[in-house]
Structure formats: C-alpha cells, structure tokens
2 protein chains.
Amino acid sequence: MNRAKITLADIAETAGVSPATVSRVLNGDPRVSPERVTRVNEAISELGYSPNRAARTLVTGKTGLIAAVIDSNLNVFSDPFWGQITTGISQALQEANFQALLMVRPLDVEDPSVVASLAPGQVDGAIFFQLHNDDTVNLLQDMGLPLVVVGRPEESSKLTYVDSDNFGGAHQATKHLIDRGCKAIATVAGDQQLSSGRLRLDGYRKALAESGIGFDESRVAYGDWTDVGGEQAMRTLIESNPSIDGVFVANDLMALGAMSVLEEQGRNIPEDVAVVGFDNMFAGRLGRQQLTTIEQDVQGLGAKAAAMVIRMIDGERPKSVVLPTRLIVRDTA
Amino acid sequence: MNRAKITLADIAETAGVSPATVSRVLNGDPRVSPERVTRVNEAISELGYSPNRAARTLVTGKTGLIAAVIDSNLNVFSDPFWGQITTGISQALQEANFQALLMVRPLDVEDPSVVASLAPGQVDGAIFFQLHNDDTVNLLQDMGLPLVVVGRPEESSKLTYVDSDNFGGAHQATKHLIDRGCKAIATVAGDQQLSSGRLRLDGYRKALAESGIGFDESRVAYGDWTDVGGEQAMRTLIESNPSIDGVFVANDLMALGAMSVLEEQGRNIPEDVAVVGFDNMFAGRLGRQQLTTIEQDVQGLGAKAAAMVIRMIDGERPKSVVLPTRLIVRDTA
DNA sequence: TGTCATCCTGAAAGCGTTTTCACGGGCCTT
DNA sequence: AAGGCCCGTGAAAACGCTTTCAGGATGACA
C-alpha cells in the first residue's frame, strides 16, 4: 500500500493545511480547530501515514528508546528469569510509548562500546541488571543518563535500584522452618560477592536471632548458586552437623543439589530434614517432591524498573524500591 | 566531560576541515588524505565525539535497528530459552553494528501497533519467534520488511525461517531407544498445532518405520508441553499399553511428568522403561536421574536468525535453515 | 467605535548528518 | 607544452519533523 514513503508534508497537502498544523494534530496540541483536526486525521488514515521517528528525534532530542543492559556474565544465574523480566520491561515501556533496546554485553570490564551506545542522545534512559562492577554504570550516570539498576548495587552507591526483598525472603523462609519446629537449622548460602548472597544470609541470621537461636558458623556452607555447588555444600554441612533437621538454601538450583545429597544419605524430606529454597524457579514438580520456596515477583521487577526510569526521564528522582517476596509452602517444608 | 553535546561541525572546526571531510572519515571513505584522517581522529577522541544516530538515520534511511518480536503467548514454552536466544541475537547484531529492539507482544491477533512499530523506516529488519498465526508477519513482509522467523511457519508459507531439526532430533531419540533394544516404544507427543509438535511425532514414526516396527496409534498420547500434561499422557499410555519398554517424550518438561508416573507405577528407569526427552532444558541433575535428551543449539538459533536478517537487509535472499540437534545420553536411556 | 487581548494559523528556521556537485591542482598522456 | 583526468576537498542541499515567531481575525471591554 504505502510503497513510497509519505511524509507529513503529504498529509498537509491533502488536508489543505500547513505542515505545522499537521504536526500540532499529531502531538495533540489543543489549539487546532476541530474541523481541521478531522481533516488531518482523515488524510492520515487515508494515506496510511506514520511519522518518521528519526526526524522527530532529531528535533526533539528524545529517542523514545530505553536500553535494557544485561551483563552477559550472569547468564547462568538469571537464565530462567529473563523471559519474565524482559516481558515486564517491554510491556511497561510500551504503555508509555517507549521502545526497549536490548544489549547483552560483558559488563565487568569497562567497555567503550557500551558507553558509546548509551551516550547522551542515543537513548533516553537505561535499565541495568545486577552486576559485579559499578564502574560503567556510574560513569554513565555521571554523564546524565537516567538509569535504574535491577538488583542491589554496592551499599555506598548512589544508584537507584529495584530489588526483591532478599533479606525479608530469607527471613520468611527461616522463620517457616522455625515455626515448623526445626531446632537445628543450617543454610546453604550463595556467593557472598553478590548482594543477594549476603542479604539472604543476613535474613537467615536475623530469623534465628529473633527466636533466640544462637548463630553457629558451622551451620553455614557456601555454594556458587549451581546444583553441583549445592550438593557440595550440603555434604559439608551434613558431615559437620549430622543432627540438622532444617536447611534454608539460598536458591532453588542449589536446593536441588542439596536434596539429592539428603536423599542419598537416607534422610527423608521433610520428616528428617526440611528444605526451603529461594526463587520459585521450578513452578511445577521437581522429581518426586515440590519444593517449598520463596517467590519473587520477577516480572514486577522489570515493570517497576521501567516505570522508574520513565519517571527519571520526566525529571523526578524516584526512590529505590524493594519488592516483597512470598513464601510458597509445598512438600519439602 | 562532554556536557554540551558536540557535533560533527565541532570536529570539523577543531580539525580545521570541512564537515564533509569529517563525515567521510567517519564512514571510512578512502579518498581522504591520511594527514587529515589523523587530524580528524584526534579531534574526535579529544572531544569525545560520537555521531548522532537520528541525524544519520534521517539522511541514510537506515535505522541500525532490528526488532526481535516475541509472541507473549508463548512464554511458558520458551521461558528457559529466552536468555540464550536473545544473547545469540544481541551478540550477532552487535558485531554487525546493529541494535536489537525487543518487543514482547500478543501476536495472535493482528495488532496495528506492532505493524506501526515495524513499518518501513522504523526498523531495518525483524526477527519473529514461532507463532500460531502468520497474518501479521505476512503483512509486514509484503510491506517490504526484511524478516526471519525462528521456528517453522506454516508449510505453504513463503517466510524465511530458522529452526532446530525437530524431525531429525526425534528420529535420533527414537533410534536410540531402538538401538538400546526397546521393543515397544511409545511417545508422548506435543501440541500438534505447532510445527515442532508435528515434526517430532513424524521423526518418531520415521525411525520406527526404518526399523520395520509398525506404527501403533495406541502408543501415541498427546500432551500440552507441560509436566502435568506429560503426566496425564503417560498414564493413558501405560494403561492402554502396559508392556511398553521405551518412550520418547516430545519435551523435557513433559518427560518430567512422565517419569514421575513411571516411578509411581514402580517401573524402573531405564531398566523397565527407557525415557528420552527433547530440549535439554535441565542441564544438571533432575531428581535422582539425569535425563537423556536431544539438545538444540538455542543460542545458535538466535545468532543464525540475526545473521540471516542482516543478509536480507543487504539484499540477499538467504535460504531457510534447519540447525542440527544432538543426542545427549545420560541416565534415563 | 476604538483598543487590546485571544485564538488559530502558516512561514521559516533549525536539528546533525550524508551526499551530490563543482572546483582547483597535479599528473599523465600525446 | 597543452589538453584531459583523476583526486582530494568544501559548499550546499536534503532528510522529515517540531517549534518559534509573527500576523490576521475575532471577540471583549471600555
């Protein structure tokens, strides 16, 4: 149909008005006579016109683009969540008439190409995913780029972030084990380099402390978020603490490994040892038992981040947000 | 540093050349004297200049953007793959100096906003993910948009696609069961609305036929790709065919359900019944046994699609591609 | 009835690039 | 030694839109 590209000028001509008026109609300027508005709108739908983004960007300085920047190094960890997060982002952005630019890049080294792609004028804002190294992000922020981090940056950082309540979730999980009657509660903690790893361990400690249970360092083992890591950690734990009757595992993948070790050792779950995970990664069945775990609102994380970056573009300074988690009780605790 | 945005004209001035020359240097035009090239390059890095995309787009008509359009209705199915696919796409595009625009939209109804976002001049090309309804895609293709579909469209379609070898993979899987000595081989097939569902069933039939094993309709049960669906299908199967000693399940999630039913019935895997899945969704352990399955090169799918759409933009007409799959033998068969 | 504010409209400038075109100088032909 | 070519360069137009500015018409007010 619209073979040759038609421009605003074409609309102006067929509607018998000036280009300026067409532009005003396009942008909802109220001071155009109703009669002309309809004339213009007719011409638009008749010719099947849609405005040229580049031209608009050139004059307004707004690109309508928001970058979602994902550290390609954290693939393993976030794999199952990408779909949900990106869905959340994409939908929230679309409602505000923004487009999402997807960038998967190594973020641990300072990458000039990333910076160039996000320099002022290239995008209106950016959403970064949890990273080990804040340097690039801080640089960009100093350059005036509105940005939000998903996941928690370093404590001292001035970055705006959205995060799940890792601390609260771990607290809920551990509390659940306590309420269930567990007396000797261990934990398989995650990578302490990551804030999520630290916060989930802190939540565990807090719950113990609240219930007057002393913290015992020997009941903490560290894994690397993988099932194999969970396996190893669980072996360590059960060797040094054969009497444990409950364990909070900092993510579901490690819980998978931990449970296989428990089964192998002949411990019944949850009768002998109760297990709570984190992430709700496996919505359905998992082997014979369904894992009791902490659910994060992953899609909400994306949607919230998008909403916040849009507010920043509008000149506001939104506060960082921590999204609540939810305990899902299933078979293992 | 670069507070006020600096333009090509600024570079021209500090380098003491004309804007035209700067532009030529930027675009690698060979007919600029080496001496000026260095002068310009110095000015560029000194001022920290990067060209304005919008202005460039406006004059060249190329946006440098390729849309990755994902049907929001197929979340469940593709969830764990998104990360890999998008990584593949993003990296391949970046190497060719394109940016990936992410659009998660319902694609089953014809959505004017999708069409508008992809109209000529908005993006240079698009990659669509497997869909139930080709209408929107065909429309866009007719409008001259270079596009590639990931997953296989309807047989009659003229669309260019990239797909995993569903047929070949299913054939491999079934063949493996036969080679293993299984005599009564059933299958849990997927949704026959989807090409992947049909092709995986066809591959199963082909392998049986090749080995002179008759096809028995009662040995086919249909699931909906979910673990629960796999469970139900397996129950049906085992009821009507108690003697089966091998089963090819059309995806890993259903295999999960199927295996739990087998265990529940007291059948040992793989001694009594061998199981092969499809997707290699669970890289690690899965309950007590690791699933023998067919691996697809998901990231390759994304990379290939990106490469193809770029070739189409360059005016070529690449052929559709089917990527090979690989049998991964583990515990269950 | 005269003055002023108000409203709607169009002309034109400008956003930052690329690209065509013309021009001058050097080199290679003859 | 003269003509023609090619090579490197800059001037200027063009891309499609928004927005400022000014002007004409209308209505309100005194």
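Computation of the quantities below employed the complete heavy-atom set of this structure, encompassing side-chain atoms and omitting hydrogens, waters and symmetry-equivalent molecules. Proteins come first, then strands; the chains are lettered A, B, ... in the order of their sequence lines, and each starts at number 1.
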Report yes if a side-chain nitrogen or oxygen of [X] is closer than 4.0 Å to either non-bridging phosphate oxygen (OP1 or OP2) of [N]; otherwise report no.
{"X": "T7(B)", "N": "dG16(C)", "answer": "no"}
{"X": "R36(A)", "N": "dC8(C)", "answer": "no"}
{"X": "S33(B)", "N": "dT9(D)", "answer": "yes"}
{"X": "R56(B)", "N": "dT18(C)", "answer": "yes"}
{"X": "T21(A)", "N": "dT9(C)", "answer": "no"}
{"X": "N52(A)", "N": "dC15(D)", "answer": "no"}

How close or far is atom [atom2] of [N] from atom [atom1] of [X], stated in whole angstroms?
{"X": "R31(A)", "N": "dT9(C)", "atom1": "CZ", "atom2": "C1'", "answer": "9 Å"}
{"X": "E35(A)", "N": "dC7(C)", "atom1": "CD", "atom2": "C1'", "answer": "15 Å"}
{"X": "E13(A)", "N": "dG16(D)", "atom1": "CD", "atom2": "P", "answer": "14 Å"}
{"X": "I6(B)", "N": "dG16(C)", "atom1": "CD1", "atom2": "C1'", "answer": "13 Å"}
{"X": "L26(B)", "N": "dT17(C)", "atom1": "CG", "atom2": "C1'", "answer": "9 Å"}
{"X": "L58(A)", "N": "dG14(C)", "atom1": "CG", "atom2": "C1'", "answer": "9 Å"}
{"X": "I11(B)", "N": "dG16(C)", "atom1": "CD1", "atom2": "C1'", "answer": "12 Å"}
{"X": "R24(A)", "N": "dT18(D)", "atom1": "CZ", "atom2": "C1'", "answer": "10 Å"}

Taking N166(A)'s backbone N and O only, do any of them form a donor-acceptor pair with S164(A)'s side chain (distance below 3.5 Å, no angle check)? no

Once you apply a heavy-atom cut-off of 4.0 Å, does V32(A) come out as touching a base, just sugar-phosphate, or nothing? sugar-phosphate

What is the nucleic acid contact for S23(B), judged by heavy atoms within less than 4.0 Å: base, sugar-phosphate only, or nothing? base

Test item: side-chain donor near acceptor, D124(A) and T63(A), under 3.5 Å: yes

Any donor-acceptor N or O pair under 3.5 Å, side chains S18(A), T21(A): yes

From dT17(C), dG16(D), dG10(D), nucleotide with atom closest to A55(A) side chain: dG16(D)

For the residue pair T136(A) and L118(A), establish whether any side-chain heavy-atom pair is separated by less than 4.5 Å. no

Any F98(A) side-chain heavy atom under 4.5 Å of I313(A) side chain: yes

Has the side chain of R53(B) got a donor or acceptor atom sitting under 3.5 Å from an opposite partner on the base of dG16(C)? no

